[in-house]
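Notes for the one structure printed next.
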Protein chains: 2
Amino acid sequence: MALGDAILACLTERPMTGYELAKTFDNSIGFFWKADHQQIYRELTKLRDRGHIQGREVVQSGKPNKLVYTLTPDGRAALRHWAARPSVPASIKDDLLVRLYALDSVDVEPLRTDLMARLEHHRDRFARYERLLNKRFPQGTAPPADVGKLLGLRIGLAHERAVAEWCEEAIEALSALTSGAERSNVVPLEENQRENKG
Amino acid sequence: MALGDAILACLTERPMTGYELAKTFDNSIGFFWKADHQQIYRELTKLRDRGHIQGREVVQSGKPNKLVYTLTPDGRAALRHWAARPSVPASIKDDLLVRLYALDSVDVEPLRTDLMARLEHHRDRFARYERLLNKRFPQGTAPPADVGKLLGLRIGLAHERAVAEWCEEAIEALSALTSGAERSNVVPLEENQRENKG
DNA sequence: CTGACTTTTTCCCGTCACGGTAAATAACGG
DNA sequence: CCGTTATTTACCGTGACGGGAAAAAGTCAG
């Protein structure tokens, strides 16, 4: 929704090109807002048309020339204005929850492997945020201008930790489910083999 | 993204009309997936065109007739198929994070009030989920078919708790910020008045 | 040297999401 | 009589998002 505003927010840090924005969204906002390069470029032209940013062409040798975008006073004002409006709480909207909701109409095995992949994913993110936190804010405190970035990292950490723990719980629950089903419906594999042997 | 699949998932529970779906999304999926009635109806016609659901008109007296939609075997198959594909981890995409990211280019006061509203919002959600949990799963356990729903509530709880706590932290951090600024830049109001009096 | 990859921007195509405005229908509550 | 509830449908836009592609000029590996 607020992709344009996210870009404006990025540009408060320093002027950037579309390419740079697309690459990382500056290693911090990018974790919360993924957007591919075409989206970024499209948004940049919109913002330029609105006069919120201003592009300055930098001639390069060896590479195509680049357009470095800077916030205009109008852009700053727009950002401030937008930031003063109440935010809309975001929904979770995770596919996994829908799958789990329909658990009994769905194959459990792919779900379990999916959950395990997700667990790893969230652990990775957690570790990444942790590293970033230790690097950028080793004291756990931030200078006034960066307090918001610290807070962003903090909720990222909390979120990834919570989701990872939840994944573990979900995997366990699924295991309990299938082992229960096997006990009542199918003979579990090991016992089956043991019985076949004995 | 998977609005159609979310609807299919809902319909695994029981046949429903668009109106019912729009109302609540069944008091559980609706917390994660908000969608207004026009979206739902649009999606329903698409699903019907694909043959994933089937509408049966129920004649009513006193109210307009309603269309009760039921999953078709094709719809069930589509849901299973969709659920077997790996899920894409959702981004956070919360406006608040963008505002905080650009904290030093933004007015703090509206942000603070926004954060307080959000705190209340997440506490409310938390309480709501807790009530629902105690009502639907008083033992903290679920029959096999409902395990996924329990897990959904669980992550909802964890999420709201984490975000609410984070809001508190953020509010504190902002307070520290402004009181710090007042100490260095502006004389705080009370002291100002005391000095004026003395 | 060739072929692959990086850097940088742009364009065109679509689908999905989302939301406002609104209308039709028919009962019930006040 | 007016407003609300229940129920569906329509039309309109904007915004998000992503595939596919192409330019242009360099670097680096094989």
Side-chain angles (χ1 to χ4, degrees), chain A residues 1-8 15-25 29-30 32-50 52-69 78 82 85 88-95 98, chain B residues 1-8 15-25 29-30 32-50 52-69 78 82 85 88-95 98:
Chain A
M1 289 237 179
L3 185 90
D5 299 289
I7 291 177
L8 292 183
M16 292 173 89
T17 69
Y19 191 80
E20 284 177 277
L21 283 164
K23 268 281 164 186
T24 56
F25 246 117
I29 256 190
F32 315 126
W33 281 81
K34 268 293 156 250
D36 56 26
H37 70 280
Q38 327 154 42
Q39 254 183 97
I40 304 275
Y41 283 117
R42 245 174 312 192
E43 204 63 36
L44 283 173
T45 54
K46 271 192 224 166
L47 289 171
R48 191 178 42 191
D49 290 349
R50 274 182 220 145
H52 290 174
I53 59 176
Q54 197 186 359
R56 189 172 42 85
E57 188 164 18
V58 173
V59 183
Q60 299 189 121
S61 61
K63 295 171 194 179
N65 296 342
K66 59 184 177 182
L67 269 164
V68 180
Y69 287 104
W82 169 76
R85 284 169 33 205
V88 274
S91 302
I92 302 189
K93 289 220 174 177
D94 193 321
D95 287 16
V98 179
Chain B
M1 289 237 179
L3 185 88
D5 299 289
I7 290 177
L8 292 183
M16 292 174 88
T17 70
Y19 191 80
E20 285 176 277
L21 282 164
K23 268 281 164 184
T24 56
F25 246 116
I29 254 190
F32 316 126
W33 282 81
K34 268 293 155 249
D36 54 28
H37 70 280
Q38 326 154 43
Q39 254 184 99
I40 304 274
Y41 282 117
R42 243 173 314 190
E43 205 62 36
L44 283 173
T45 55
K46 272 192 223 165
L47 290 172
R48 193 178 41 190
D49 289 350
R50 273 182 220 145
H52 290 174
I53 58 176
Q54 198 188 356
R56 189 174 43 87
E57 188 164 18
V58 172
V59 183
Q60 299 190 120
S61 61
K63 297 170 190 176
N65 297 342
K66 60 183 176 182
L67 269 164
V68 181
Y69 287 103
W82 169 77
R85 285 168 33 205
V88 275
S91 301
I92 301 189
K93 289 220 175 177
D94 193 321
D95 288 15
V98 178

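First the proteins, then the strands, lettered A, B, ... as listed; each starts at 1.
B/Gln39 CD: more than 12 foreign heavy atoms inside a 6.0 Å radius.
Between A/Val98 and B/Trp82 the shortest side-chain heavy-atom distance falls below 4.5 Å. Contact annotation: the side chain of A/Tyr69 never approaches that of A/Leu47 to less than 4.5 Å [non-hydrogen atoms, C-beta and beyond].
Taking atom CZ on A/Arg42 and atom P on D/dA16, their separation rounds to 10 Å, with Å as the unit. Distance A/Trp33 CH2 to D/dC17 P: 7 Å, rounded to the nearest Å. A/Trp82 places its CH2 atom 15 Å from the P atom of D/dG15, with the value rounded to the nearest Å. Whole-Å rounding puts the A/Leu44 CG to C/dC11 P distance at 13 Å. The distance from atom CD of A/Glu20 to atom P of C/dT8 is 7 Å, rounded to the nearest whole Å. Regarding B/Leu67, its CG atom lies at a distance of 17 Å from the P atom of C/dT25, rounded to whole Å. Between A/Leu21 atom CG and C/dT10 atom P there is a gap of 13 Å when expressed in whole angstrom units. In this structure, A/Gln38 places its CD atom 12 Å from C1' of C/dG14, rounding to the nearest Å.
Ranking D/dT5, D/dG18, D/dG15 by closeness to the A/Asp36 side chain, first place goes to D/dG18. Closest approach to the A/His37 side chain among D/dT9, C/dA17, C/dT9 is made by C/dT9 (side chain taken as heavy atoms from C-beta onward). With distances taken from any side-chain atom of A/Lys66 to the nucleotides C/dC16, D/dA6, C/dT8, the minimum falls on C/dT8. Side chain of A/Lys93, nearest nucleotide from C/dA17, C/dT9, D/dT8: C/dA17.
Between the B/Tyr41 side chain and the B/Tyr19 main chain, a donor and an acceptor come within less than 3.5 Å of each other. Between the B/Glu20 side chain and the B/Thr17 main chain, a donor and an acceptor come within less than 3.5 Å of each other.
Remark: B/Tyr41 is not in phosphate contact with D/dT9, judged by side-chain N or O atoms under 4.0 Å from OP1 or OP2. Neither OP1 nor OP2 of C/dA17 sits under 4.0 Å from any side-chain N or O of B/Gln39.
A rotation axis mapping the C1' atoms of four pairs onto the next four is fitted at both ends of the helix from C/dC1-D/dG30 to C/dG30-D/dC1 over five pairs, and the angle between these axes is 20° to 10 degrees.
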### Query
Checking side chain to side chain contact (heavy atoms under 4.5 Å, CB included) for the pair B/Gln38/B/Arg42: CA distance, chi angles, key distance, verdict?
CA-CA 6 Å; B/Gln38 326 154 43; B/Arg42 243 173 314 190; 3.8 Å; yes
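The CD1 atom of B/Ile53 sits 9.5 Å away from the CG atom of B/Leu67 when rounded to the nearest 0.5 Å.
Within the 4.0 angstrom heavy-atom criterion, no nucleotide atom of any strand lies near A/Thr45.
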